[in-house]
A.B. asks: 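Can you keep this structure in mind? I'll have questions shortly.
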2 protein chains.
Amino acid sequence: MHSAGVLTIGEFARLTHLSVRTLRRYHDAGLLEPARVDPASGYRYYTVEQIPTAQVIHRLRELDVPLADVRRILDSPDPQARGRLVAEHLRRLEAELDRTRAAVASLRRLLDPAPAALDVELRRVPATEVAAVAAEVALTDVLSWYAGAVAELDAAVPEPTGPPGGLYDDALFTAGRGHVVVHRPTAEPVRAGRVRPMTLPAVELAVATHVGAHDDIDVTYGELGTWVVGQTLAVAGPVRETYLVGPRDTPDPAAWRTEIGWPVFRVG
Amino acid sequence: MHSAGVLTIGEFARLTHLSVRTLRRYHDAGLLEPARVDPASGYRYYTVEQIPTAQVIHRLRELDVPLADVRRILDSPDPQARGRLVAEHLRRLEAELDRTRAAVASLRRLLDPAPAALDVELRRVPATEVAAVAAEVALTDVLSWYAGAVAELDAAVPEPTGPPGGLYDDALFTAGRGHVVVHRPTAEPVRAGRVRPMTLPAVELAVATHVGAHDDIDVTYGELGTWVVGQTLAVAGPVRETYLVGPRDTPDPAAWRTEIGWPVFRVG
DNA sequence: CCTCGACCTTCCCCGGGGGAGAGGGTGCAC
DNA sequence: GTGCACCCTCTCCCCCGGGGAAGGTCGAGG
């Protein structure tokens with residue numbers, strides 16, 4: 001069984017620096033079909049022409065591309081489609097890198113004692129008429145969903161009477177998905193596309209303003225919660241955020257200001 | 001049960017944006033002990049003072065720090081020790097980022113058609129006397145092990161008669177760990193520390209030279225293997241690498257030259 | 001023919017959770 | 001008193017990309 005260019009799985013493994021185990025798995029997953037499988041013995045035979053494919057798979061796996069996506073990339077017929085899929089994964093890597101950087105920065109701030117006290121205000125808010133887009137959203141999708149919803153909202157609301165805001169169900173954070181509303185206050189009811197008129201009920205809010213990008217926002221949530229509990233109050237979602245200064249206003253995250261309003265009620 | 005500052009697990013989850021499930025898991029793992037556990041009901045009670053700890057854990061998990069390491073970080077008493085552990089993880093992240101960058105660059109090269117043909121030479125090599133450091137090494141540790149071994153070797157060998165080289169067992173790549181030897185040719189036997197005299201046996205080698213950093217080296221291995229198979233030869237490890245130009249010579253990876261010699265034998 | 005290595009399949013394990021469901025206790029409002 | 005939201009424990013199963021081991025079969029060489 002040594003015709004020229006035909007390799008057993010072990011030889012192929014040595015030439016590609018993949019393990020035999022991994023090659024079998026790639027076969028089962030439909031990623032790298034052996035050139036021939038002996039029907040009697042089940043032996044897998046590979047050819048040298050498959051080495052470059054194996055190397056591409058190897059690189060994609062080093063980039064943590066899931067096997068299913070690797071298959072899609074390899075199956076896409078023309079190089080352009082392939083390039084698009086790869087580029088999309090690279091964008092995903094970039095985004096993850098941004099998140100990592102943000103977590104590192106936030107961790108440094110958490111470990112350095114940052115005693116800056118938070119201003120918290122108790123505010124009674126009347127019922128408000130808004131134009132809103134609402135949906136059940138997963139936590140991982142909330143940023144992209146928000147981008148689309150706010151764009152549609154901006155297009156539909158000609159003269160908003162205040163900055164945009166959002167309502168976030170507790171379950172979004174504790175269960176990973178929940179009801180989310182993005183809204184802008186309006187004088188007239190607006191109904192277009194996904195946009196619907198909506199009345200935000202009157203509530204009593206504990207309000208604090210978060211300064212900076214949102215990577216740290218749970219810290220402000222924690223401080224706000226600490227204050228609320230210290231006042232013998234309790235929180236009762238959904239929480240309201242108001243984007244006083246956001247990416248629409250300035251590209252510098254350090255200048256962003258987000259008002260967090262947590263509905264409270266008295267305990268005991 | 002609503003004394004000021006004491007929270008049920010659900011309330012604590014809302015304040016920290018962690019799931020109830022995860023908080024229970026962190027308790028079981030000894031990461032975040034509730035301030036009080038009711039012996040009758042088993043209810044976990046947390047205090048607002050624990051919020052910052054929960055946030056640090058959250059950040060570390062965002063950085064993929066394993067729970068066991070998170071525990072070590074939290075358990076380390078003084079802030080300096082903590083900072084060291086965190087810094088160590090950040091270094092690990094940096095290293096991974098480097099690997100990711102290398103994989104991206106290599107992937108681009110693989111997807112662009114790079115037809116540059118490889119020069120392969122069949123060479124009969126006589127037995128050679130060398131000074132060597134050998135060990136059983138895991139693939140993940142090979143770079144750091146190599147750095148230490150080559151430093152010791154350089155210190156022990158006053159007048160090497162050629163560039164440094166390495167021997168790598170097949171199992172290193174296919175099983176993740178294997179026998180590795182780093183050596184330099186010498187006129188006189190050298191024995192110091194881990195350094196031992198050794199005779200490299202005479203073999204017939206298929207030799208190719210890899211140009212550039214080692215992130216791509218498996219591509220050259222694949223091309224060399226393709227050539228060998230095309231000559232109706234077969235490879236038989238361990239493979240030999242000779243570092244003609246390496247990091248010791250120039251910091252520019254593009255100028256590095258690594259000779260790869262694969263022992264071959266005739267088939268059929 | 002026998003042995004040995006290479007190959008085959010199948011099953012369990014890892015980590016850090018998510019999800020579901022059973023079976024029961026707790027605390028608060030109506 | 002009753003409903004209901006919340007909490008408890010416990011048990012299984014799932015995700016992913018492998019690693020490892022068990023036990024069987026194949027092929028080549030002496």
Side-chain angles (χ1 to χ4, degrees), chain A residues 1-2 6-14 18-32 34 36-46 57-58 60-71 138-140 170-178 234 236-237 265-268, chain B residues 1-3 6-14 18-32 34 36-46 57-58 60-71 138-140 170-171 173-177 234 236-237 265 267-268:
Chain A
M1 190 40 57
H2 257 298
V6 172
L7 306 162
T8 67
I9 196 170
E11 294 167 332
F12 194 73
R14 282 189 286 276
L18 291 164
S19 76
V20 169
R21 187 78 199 303
T22 300
L23 286 173
R24 286 202 271 254
R25 178 170 291 273
Y26 290 172
H27 179 195
D28 294 345
L31 277 187
L32 186 62
R36 192 171 80 79
V37 178
D38 187 311
S41 67
Y43 276 32
R44 297 167 175 86
Y45 294 101
Y46 296 81
I57 297 175
H58 197 165
L60 291 172
R61 285 296 307 133
E62 284 176 345
L63 298 174
D64 280 330
V65 176
L67 291 191
D69 295 11
V70 173
R71 182 154 20 121
L139 182 54
T140 49
D170 283 339
L172 178 63
F173 304 106
T174 60
R177 64 181 296 117
F265 62 96
R266 300 180 188 277
V267 190
Chain B
M1 188 43 61
H2 256 297
S3 52
V6 172
L7 306 162
T8 67
I9 195 170
E11 295 167 332
F12 193 74
R14 282 189 285 278
L18 292 164
S19 76
V20 170
R21 181 83 193 268
T22 300
L23 287 172
R24 287 203 269 254
R25 178 173 292 271
Y26 289 172
H27 179 195
D28 294 345
L31 277 187
L32 186 62
R36 195 170 78 79
V37 178
D38 187 310
S41 67
Y43 275 32
R44 296 166 176 86
Y45 293 102
Y46 296 85
I57 298 174
H58 197 164
L60 291 172
R61 286 296 306 135
E62 283 176 347
L63 297 175
D64 280 330
V65 177
L67 292 190
D69 295 11
V70 173
R71 182 151 22 120
L139 182 54
T140 50
D170 282 338
F173 304 106
T174 60
R177 65 181 295 117
F265 62 95
V267 190

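Convention: sequence-line order gives letters A, B, ...; per-chain numbering from 1.
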A.B. asks: Below 4.0 angstrom from OP1 or OP2 of D:dT9, is there any side-chain N or O of B:Arg44?
C.D. replies: yes
A.B. asks: Who passes side chain to side chain contact (heavy atoms under 4.5 Å, CB included) against A:Asp69, sequence neighbours left out?
C.D. replies: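 With sequence neighbours excluded, A:Asp69 shows a side chain to side chain contact (heavy atoms under 4.5 Å, CB included) to A:Val65, A:Pro66, A:Arg72, A:His89, A:Arg92, given in chain and number order.
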A.B. asks: Is there a side-chain polar atom (N or O) of B:Tyr26 under 4.0 Å from OP1 or OP2 of C:dG16?
C.D. replies: no
A.B. asks: To the nearest Å, give me how far apart OH (B:Tyr45) and C1' (C:dG25) are.
C.D. replies: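 Rounded to the whole Å, the gap is 11 Å.
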A.B. asks: What string of B, S and - do you get for nucleotides 10-16 of chain D, 5' to 3', when a contact is any protein heavy atom under 4.0 Å?
C.D. replies: -------
A.B. asks: Strictly below 4.0 Å: does B:Thr22 bring a side-chain N or O up to OP1 or OP2 of C:dG16?
C.D. replies: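 Answer no for this pair, as no side-chain N or O of B:Thr22 is under 4.0 Å from OP1 or OP2.
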A.B. asks: What's the spacing between A:Ile9 CD1 and A:Leu18 CG if we round to 0.5 Å?
C.D. replies: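 If I round to the nearest 0.5 Å, the distance is 10.0 Å.
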A.B. asks: Does A:Ser41 have a side-chain nitrogen or oxygen under 4.0 Å from the phosphate oxygens OP1 or OP2 of D:dT25?
C.D. replies: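 Answer is no, no contact under 4.0 Å.
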A.B. asks: Would the distance check show the side chain of B:Arg71 and the main-chain N or O of B:Gly30 forming a donor-acceptor pair, the cut-off being under 3.5 Å?
C.D. replies: no
A.B. asks: Check step by step if side-chain contact (heavy atoms from CB on, under 4.5 Å) holds for A:Val37 and A:His27.
C.D. replies: CA-CA 11 Å; A:Val37 178; A:His27 179 195; 4.0 Å; yes
A.B. asks: Please give the angle, rounded to 10 degrees, between the axes at the start and the end of the helix from C:dC1-D:dG30 to C:dC30-D:dG1, where five pairs define each axis.
C.D. replies: 20°
A.B. asks: For the pair B:Arg14 (side chain) and A:Asp170 (backbone), establish whether a donor and an acceptor sit closer than 3.5 Å, ignoring hydrogens and angles.
C.D. replies: no
A.B. asks: Output, in order, the C-alpha distance, side-chain angles, deciding distance and verdict of side-chain contact (heavy atoms from CB on, under 4.5 Å) for A:Leu23 and A:Tyr46.
C.D. replies: CA-CA 10 Å; A:Leu23 286 173; A:Tyr46 296 81; 4.1 Å; yes
A.B. asks: By nearest heavy atom, map B:Tyr43 and B:Ser19 onto DNA chain C; which one lands nearer the 5' end?
C.D. replies: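 The residue mapped nearer the 5' terminus is B:Ser19.
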